[in-house]
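Worksheet: one structure, shown below.
Along the sequence shown, residues carry numbers from 1.
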Amino acid sequence: MHRLWLLPLFSLLACGTGSSQQKTAAQAADSTGYYQYQQATRDGIGKRYLGREIAQVMGHLGASWLERPEREREERTDLLLKALNLRPTDVVADIGAGTGFFTFLMAPKLPKGKVLAVDIQPEMIDYLQEGTAKRKLTNVEPVLGTESDPKLPANSVDLVIMIDAYHEFSYPREMLEKIVSSLKPDGRVVLVEYRAEDPSVPIKELHKLSVAQASNEMKAVGLRLIKNDRRLPQQHIMFFGK
């Protein structure tokens with residue numbers, strides 16, 4: 001989720017180093033056969049899934065960028081909120097919720113539902129808890145997940161949304177399997193990702209995702225593309241279902 005002009009900043013904030021020692025340890029621990037390993041590129045972790053190198057993760061020190069004043073104008077989060085067509089009773093999981101920027105936009109739309117705001121960094125959970133208390137919200141539940149498990153209840157979620165986050169998952173297959181198990185029978189998974197098909201989108205290549213690649217990765221866990229909403233200026237809104 002990094003802009004090209006932020007390369008120096010996010011090189012410092014990224015969690016993955018791509019060292020050969022780390023790669024060897026990760027490869028030894030991976031007995032699933034889902035992943036392949038290679039020398040990491042500048043913005044990747046050296047781990048590949050279905051042909052895609054996984055991107056480095058933005059750390060909690062980048063929280064101010066998530067809350068930048070121009071974010072709504074640049075990403076048109078108002079249009080994204082409309083595209084989701086949320087129902088008042090929906091249970092929504094915001095995975096990679098970060099500081100809660102979008103969590104707190106969705107919560108008022110769910111007076112009889114709730115948002116499960118998932119992040120793997122305790123510092124982000126602190127942000128979420130503080131933001132929830134500040135806004136006096138009773139329908140936001142911060143959830144500390146892991147790299148391979150979002151810690152969602154089975155068969156309980158109407159919509160799972162991942163905004164510029166999925167491409168950074170260190171264990172995408174395991175995460176998706178857990179996500180699928182959390183969905184209600186008619187539940188949806190929404191990926192919001194910068195368009196890899198468009199070279200004019202000023203985002204580093206590993207932080208973009210094409211519809212074809214996303215569909216291939218979702219198909220591996222039994223999900224199919226329902227629609228690709230194109231209303232955002234630079235991002236796909238991809239809806240998947242069982």
query = Do Tyr166 and Glu217 have side-chain N/O donor and acceptor atoms under 3.5 Å apart?
reply =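 Tyr166 vs Glu217: donor-acceptor pair found between side chains.
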Got a second to check how far [X]'s [atom1] is from [Y]'s [atom2], nearest 0.5 Å?
X	Y	atom1	atom2	result
Leu116	Ser182	CG	OG	8.5 Å
Glu193	Ile237	CD	CD1	12.0 Å
Ile54	His167	CD1	NE2	11.0 Å
Arg76	Gln235	CZ	CD	12.0 Å
Leu50	Gln36	CG	CD	7.5 Å
Asn228	Phe239	CG	CZ	9.5 Å

Find out whether [X] and [Y] are in side-chain contact, i.e. whether some heavy atom of one side chain is under 4.5 Å from a heavy atom of the other.
X	Y	result
Met124	Pro142	no
Lys109	Leu81	yes
Ile95	Val160	yes
Glu174	Phe169	no
Pro202	Gln234	yes
Asn139	Pro108	no
Met238	Val189	no

query = Among Lys112, Arg87, Arg188, which residue meets the salt bridge (Lys or Arg N to Asp or Glu O under 4.0 Å) test with Asp158?
reply =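 Result for salt bridge (Lys or Arg N to Asp or Glu O under 4.0 Å) with Asp158: Arg87.
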Of all the heavy-atom pairs spanning [X] and [Y], show the shortest one and how long it is.
X	Y	result
His207	Asp43	NE2-O, 4.2 Å
Ala117	Ile125	O-CD1, 4.4 Å
Val143	Pro150	CG1-O, 3.7 Å
Gly46	Ala40	N-CB, 3.4 Å
Pro185	Lys242	O-CD, 4.2 Å
Ala83	Asp229	CB-OD2, 3.8 Å

message = Tell me whether the rings of Tyr49 and Tyr35 are parallel (<30°), tilted (30 to 60°) or perpendicular (>60°).
response =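 Rings of Tyr49 and Tyr35: tilted, 30 to 60°.
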With no hydrogens and no angle check, is any side-chain donor or acceptor of [X] less than 3.5 Å from a backbone partner on [Y]?
X	Y	result
Gln56	Arg42	yes
Glu147	Ser170	no
Arg48	Gly51	yes
Glu197	Val211	yes
Asp90	Gly113	no

Qualifying residues under side chain to side chain contact (heavy atoms under 4.5 Å, CB included), relative to Asp149, sequence neighbours excluded = Thr146, Lys151, Lys178
query = With sequence neighbours left out, what residues match Val221 under side chain to side chain contact (heavy atoms under 4.5 Å, CB included)?
reply =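 Expected list: Arg173, Leu176, Glu177, Val180, Leu223.
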inquiry  = Do Met162 and Ile120 sit in one hydrophobic cluster, given that two such residues count as connected whenever their side-chain heavy atoms are within less than 4.5 Å of each other, even indirectly?
reply    =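 No, separate clusters.
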ask   = Does Lys219 make a cation-pi contact with Phe240, if we ask for NZ or CZ under 6.0 Å from the ring centre and within 45° of the axis?
value = no
request  = State whether Tyr194 and Lys208 meet the cation-pi test: NZ (Lys) or CZ (Arg) under 6.0 Å from the six-membered ring centroid, and within 45° of the perpendicular axis.
outcome  =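 Lys208 over Tyr194 ring: no.
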task = For the pair Leu191 and Met218, evaluate side chain to side chain contact (heavy atoms under 4.5 Å, CB included) and give the outcome as yes or no after the intermediate values.
result = CA-CA 10 Å; Leu191 285 186; Met218 297 298 126; 3.6 Å; yes
Greater than 12 external heavy atoms within 6.0 Å of Lys184's NZ = yes
task = Flag yes if more than 12 heavy atoms outside Arg230 fall under 6.0 Å of its CZ atom; otherwise flag no.
result = no
Salt bridge (charged side-chain N to carboxylate O under 4.0 Å, His left out) evaluation trace for Glu53 with Lys47 = CA-CA 6 Å; Glu53 184 178 6; Lys47 182 177 182 180; over 6 Å; no
Identified side chain to side chain contact (heavy atoms under 4.5 Å, CB included) counterpart of Val92 within the set Val157, Leu86, Thr103, Leu84 = Leu86
task = Begin from the C-alpha positions of Tyr171 and Thr32 and carry the test side chain to side chain contact (heavy atoms under 4.5 Å, CB included) through to its verdict.
result = CA-CA 11 Å; Tyr171 296 89; Thr32 64; over 6 Å; no
message = Under the criterion side chain to side chain contact (heavy atoms under 4.5 Å, CB included), I'd like the reasoning laid out for Leu80 against Val192: C-alpha separation, chi angles, the key distance, then a yes or no.
response = CA-CA 9 Å; Leu80 172 56; Val192 181; 3.8 Å; yes
